[in-house]
Amino acid sequence: MRLIGLIFLVVLVYGEDSFITKEEYAKMLYHNPRGIGCHKCHGEYGKGEILGRYKEGNRTIIIQAPNITTLSFKKFYEALTSGKHRLMPHYFLTTQEIKTLYYYLKSSKSKSSKR
Ligand code: HEC
């Protein structure tokens, strides 16, 4: 009987660690969406980042990943499913995953004003 009690206690104490919150899952997906992490181009909080610059004649061309924290869900969804973008890699995300990423960007936006 004591053993059962012990097992029960172990499960109770350590079992809790195996649960991840919605926030943790969303952050994980943003960093590892079965492909290159979104943060590598759009920044930690999706505020956008300059990926590179080059000169064309006397013009400087800036290659930039846009801010993706202020889009409507419709726009966000379309960008990830239409395959129309030129520089962004193509992802194979489910609707649920896209919703989770959208949630991550909306919830992390308020946490930090920097990138
Ligand atoms: C290799 C860099 C790169 C990665 C990685 C990347 N993006 Fe992008 N993303 C871009 C660029 C650049 C654009 C602008 C369109 C274009 O030129 O492809 C863009 C456009 C977008 C847009 C449309 C923005 C708008 O204003 O319409 C959304 C939404 C978006 N990305 C979300 C994501 C999400 C979510 C991920 C991760 C699953 C991701 N991106 C990963 C570079 C990247």
Side-chain angles (χ1 to χ4, degrees):
M1 254 345 249
R2 206 187 270 172
L3 186 64
I4 294 175
L6 192 67
I7 292 170
F8 183 71
L9 194 73
V10 168
V11 169
L12 203 73
V13 172
Y14 293 98
E16 219 150 279
D17 285 345
S18 62
F19 287 103
I20 60 167
T21 64
K22 189 177 175 183
E23 281 75 14
E24 283 165 341
Y25 169 63
K27 187 174 179 185
M28 213 174 74
L29 195 63
Y30 185 72
H31 288 82
N32 192 7
R34 290 193 301 281
I36 172 170
C38 317
H39 66 295
K40 296 236 166 110
C41 293
H42 293 281
E44 189 59 36
Y45 300 101
K47 302 275 181 196
E49 223 143 72
I50 291 174
L51 303 177
R53 305 163 205 261
Y54 64 93
K55 288 238 182 235
E56 206 174 74
N58 49 17
R59 282 197 315 152
T60 302
I61 314 283
I62 296 174
I63 305 169
Q64 197 167 15
N67 180 346
I68 50 170
T69 60
T70 52
L71 299 168
S72 66
F73 180 71
K74 191 170 176 284
K75 280 244 167 87
F76 187 78
Y77 182 86
E78 277 169 11
L80 288 164
T81 51
S82 70
K84 278 192 196 137
H85 33 71
R86 294 170 301 134
L87 295 168
M88 187 162 87
H90 191 70
Y91 289 96
F92 298 91
L93 298 159
T94 64
T95 303
Q96 193 53 50
E97 285 170 334
I98 294 174
K99 278 186 187 158
T100 303
L101 289 169
Y102 190 73
Y103 168 82
Y104 172 75
L105 293 166
K106 289 287 165 192
S107 62
S108 66
K109 189 166 71 158
S110 51
K111 282 189 202 132
S112 171
S113 54
K114 59 184 174 88
R115 300 188 162 162

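These numbers were taken from a predicted model, which means no experiment stands behind them. Just follow the structure's listing: the first ligand is 1, and inside any ligand the first atom is 1.
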In ligand 1, which numbered atoms sit nearer than 4.0 Å to a non-hydrogen atom of P89?
-> 1 (C), 3 (C), 4 (C)

Which of the atoms in ligand 1, numbered in the order shown and given with their element, are less than 4.0 Å from a heavy-atom of Q64?
-> 12 (C)

Can you tell me if Y54 uses its side chain to pair, donor with acceptor, with the backbone of I63 under 3.5 Å?
-> no

Of all the non-hydrogen atoms in the protein, which one sits nearest to atom 17 (O) of ligand 1, and at what distance?
-> L87 N, 3.6 Å

From Y102 OH over to K75 NZ, what is the distance, rounded to the nearest 0.5 angstrom?
-> 10.5 Å

Could you grab the distance from atom CG of L80 to atom CD1 of I68, nearest 0.5 Å is fine?
-> 7.5 Å

Side chain to side chain donor-acceptor pair (under 3.5 Å) involving T60 - partner list, sequence neighbours excluded | K55

Report the C-alpha separation of Y91 and I98 in whole Å, then their side-chain angles, then the decisive distance to 0.1 Å, and conclude whether the side chain to side chain contact (heavy atoms under 4.5 Å, CB included) test is met.
-> CA-CA 10 Å; Y91 289 96; I98 294 174; over 6 Å; no

E44 side, atom CD; C38 side, atom SG - distance, nearest 0.5 Å | 10.5 Å

Give the atoms of ligand 1, by number and element, whose distance to some non-hydrogen atom of G37 is under 4.0 Å.
-> 5 (C)

Measure the distance from atom 5 (C) of ligand 1 to every protein heavy atom, then report the residue, atom name and distance (to 0.1 Å) of the closest one.
-> Y91 OH, 3.3 Å

Who passes side-chain contact (heavy atoms from CB on, under 4.5 Å) against K22, sequence neighbours left out?
-> Y103

Contact check, K40 vs ligand 1, heavy-atom distance below 4.0 Å = no

Kindly state each residue pair satisfying side chain to side chain donor-acceptor pair (under 3.5 Å) with at least one member in residues 78-89, sequence neighbours excluded.
-> K74-E78

Is there any N or O on N67 that sits under 3.5 Å from an N or O of ligand 1?
-> no

Numbered atoms and elements of ligand 1 in range of P33, under 4.0 angstrom, heavy atoms | 38 (C)

dist N32:CG -> K27:NZ (nearest 0.5 Å) comes out at 13.5 Å

Which protein N, O or S atoms sit under 2.8 Å from atom 8 (Fe) of ligand 1?
-> H42 NE2, M88 SD

Closest approach of any protein heavy atom to atom 27 (O) of ligand 1, naming residue and atom | L71 CD2, 4.2 Å

Spacing of NE2 belonging to H39 relative to OH belonging to Y45, to within rounding of 0.5 Å = 12.0 Å

